[in-house]
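Throughout, a chain's letter reflects where its sequence line sits, starting with A, and its residues are numbered from 1.
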Protein chains: 2
Amino acid sequence: MPETTWLTPEQLSAWKKLIAVVELLPGTLEAQLQRDADLTHFEYFTLAMLSEAPDRTLRLSDLAAATNATLARLSHVVSRLERRGLVRREPCAEDRRATNGVLTEAGLAVVVAAAPGHVDTVRRHVIDPLTPADVADLDRIMLRVLSVLDPTNAMHAEPTPRP
Amino acid sequence: MPETTWLTPEQLSAWKKLIAVVELLPGTLEAQLQRDADLTHFEYFTLAMLSEAPDRTLRLSDLAAATNATLARLSHVVSRLERRGLVRREPCAEDRRATNGVLTEAGLAVVVAAAPGHVDTVRRHVIDPLTPADVADLDRIMLRVLSVLDPTNAMHAEPTPRP
DNA sequence: AGCGAATACTTGACACGACAACTATTCGAC
DNA sequence: GTCGAATAGTTGTCGTGTCAAGTATTCGCT
């Protein structure tokens with residue numbers, strides 16, 4: 001029966017605020033994207049990742065890693081995006097188990113149209129209330145947390161334009 | 001057509017890491033609580049809030065504010081918890097529109113049993129990789145973000161033991 | 001070469017949250 | 001006091017994610 005070390009008041013305070021943000025932030029992003037572009041944040045992010053890939057093409061496993069989703073989830077989402085003509089599936093030449101996701105012209109247009117509004121939302125709700133020092137601190141802290149949450153670094157590689 | 005101000009590389013880097021945490025953290029907490037206590041994080045949090053309230057009782061609206069949920073969501077959750085005998089509904093004497101949620105003995109037992117494992121998870125994944133200075137920075141930064149995300153302060157009032 | 005294990009996805013069933021519509025009660029203005 | 005508006009909560013439907021199971025292909029070992 002291991003002794004439980006409780007949290008200090010400072011830790012608890014920070015923790016509760018982090019939870020609150022984790023609970024509230026998705027809804028905020030979701031709402032704006034849904035309203036303006038009829039996209040889930042995850043759908044947006046998926047399209048954005050594809051838009052940055054060479055030939056706007058990625059194997060679904062890589063895309064799953066980039067968006068930090070399970071393959072099952074991604075498969076469903078790609079199916080929906082495919083129905084809307086924003087993404088296309090293609091068999092992968094090198095590995096016939098694999099499937100490539102390809103961003104269509106229509107899909108590209110949608111991301112491009114959605115990006116400014118999304119960035120504005122991000123600025124207004126997260127970036128603007130922070131000083132440059134805050135941003136640096138945030139980056140450092142999230143990196144530390146991520147290295148435990150996601151030791152394989154799938155999610156926080158350096159390269160990638162647009163939020 | 002408003003000009004879009006893009007994010008600086010520093011802002012982008014921090015932002016992407018924050019998103020990653022927001023995406024990954026819930027799953028981690030969820031998994032442990034589900035496994036060890038058969039509870040959603042939200043259910044745990046709900047029970048925890050009740051456990052701290054006077055008489056382990058709260059009006060559903062207050063509970064919704066404390067857990068930062070909509071009334072509809074909370075109502076569903078309370079129904080599930082009620083079926084499991086962890087919470088009881090009671091009509092509110094002062095305001096007959098209102099309903100009180102009351103934590104049962106069984107419910108209390110469940111939170112108490114679940115708390116140590118949950119705290120350990122929180123420590124391991126979030127608190128331990130941070131220095132005390134990081135924790136202070138995190139608290140400050142999340143407060144700033146919250147004051148925009150949740151201007152009414154519903155979520156981040158000071159008092160409250162246990163995570 | 002061949003066979004078992006691992007990889008890459010797909011699909012169907014189910015659970016949880018969001019939204020909208022509805023009931024019931026209380027507040028406020030006149 | 002009464003009537004309209006606001007508040008408190010419930011319920012049903014639907015979209016999205018998770019989990020488990022299934023298929024197809026490739027890898028690795030001997």
Listed once per pair and sorted, the salt bridge (charged side-chain N to carboxylate O under 4.0 Å, His left out) pairs that draw on residues 94-111 of chain B, sequence neighbours left out: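 Salt bridge (charged side-chain N to carboxylate O under 4.0 Å, His left out) check on residues 94-111 of chain B returns Arg56(B)-Glu105(B), Arg59(B)-Glu94(B), Arg59(B)-Asp95(B), Asp95(B)-Arg97(B).
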Which pairs with one or both residues in residues 72-81 of chain A pass salt bridge (charged side-chain N to carboxylate O under 4.0 Å, His left out), sequence neighbours excluded?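 Pairs touching residues 72-81 of chain A that pass the test: Glu43(A)-Arg80(A), Arg73(A)-Glu23(B).
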Starting at [atom1] of [X] and ending at [atom2] of [N], how long is that distance when rounded to a whole Å?
| X | N | atom1 | atom2 | answer |
| --- | --- | --- | --- | --- |
| Leu63(B) | dA8(D) | CG | C1' | 14 Å |
| Arg83(A) | dT16(D) | CZ | C1' | 12 Å |
| Leu58(A) | dA8(C) | CG | C1' | 15 Å |
| Asn68(B) | dA18(C) | CG | P | 10 Å |
| Phe42(B) | dC16(C) | CZ | P | 12 Å |

So, are Arg123(B) and Asp120(B) salt-bridged, with charged N and O less than 4.0 Å apart?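 No, this pair does not count.
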With a 4.0 Å cut-off, would you call Arg89(B) and Glu82(B) a salt bridge?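 A salt bridge is present here (some side-chain N lies under 4.0 Å from a carboxylate O).
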Examine Val87(B) and Val102(B) and state if one hydrophobic cluster contains both, with Ile, Leu, Val, Met, Phe, Trp and Tyr joined whenever side-chain heavy atoms are less than 4.5 Å apart.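 No, because Val87(B) and Val102(B) fall into different hydrophobic clusters, even though each may have its own neighbours under 4.5 Å.
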Heavy-atom donor-acceptor pair, [X] side chain to [Y] backbone, under 3.5 Å:
| X | Y | answer |
| --- | --- | --- |
| Gln11(A) | Ile127(B) | no |
| Glu30(A) | Thr40(A) | no |
| Asp134(A) | Thr131(A) | yes |

What pairs with Thr99(B) under side chain to side chain donor-acceptor pair (under 3.5 Å), at least two apart in sequence or on another chain?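 Side chain to side chain donor-acceptor pair (under 3.5 Å) check on Thr99(B) returns nothing, list empty.
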Would you say Arg73(B) reaches dT10(D)'s phosphate, i.e. side-chain N/O to OP1/OP2 under 4.0 Å?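 Result: no.
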Between protein and nucleic acid, restricted to nucleotides 11-14 of chain C and to nitrogen or oxygen atoms under 3.5 Å apart, what atom pairs and distances do you find?
residue: dG12(C); atom: O6; partner: His76(A); partner atom: NE2; Å: 3.0

Between residues 93-101 of chain B and DNA chain C, which residues have a heavy-atom gap below 4.0 Å?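 Under 4.0 Å from DNA chain C: Asp95(B), Arg96(B), Arg97(B).
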Counting only heavy atoms and a strict 4.0 angstrom limit, can you tell me which residues of residues 29-41 of chain A come near DNA chain C?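 Listed by number, there are none.
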Where do Met49(B) and Leu58(B) come nearest, in terms of heavy atoms and distance?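 Scanning both residues completely, I find the closest heavy atoms to be O-CD1, 4.3 Å.
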Could you check if a side-chain atom of Lys16(B) sits within less than 4.5 angstrom of a side-chain atom of Met142(A), using non-hydrogen atoms only?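 In short, these two side chains do not touch, never coming nearer than 4.5 Å.
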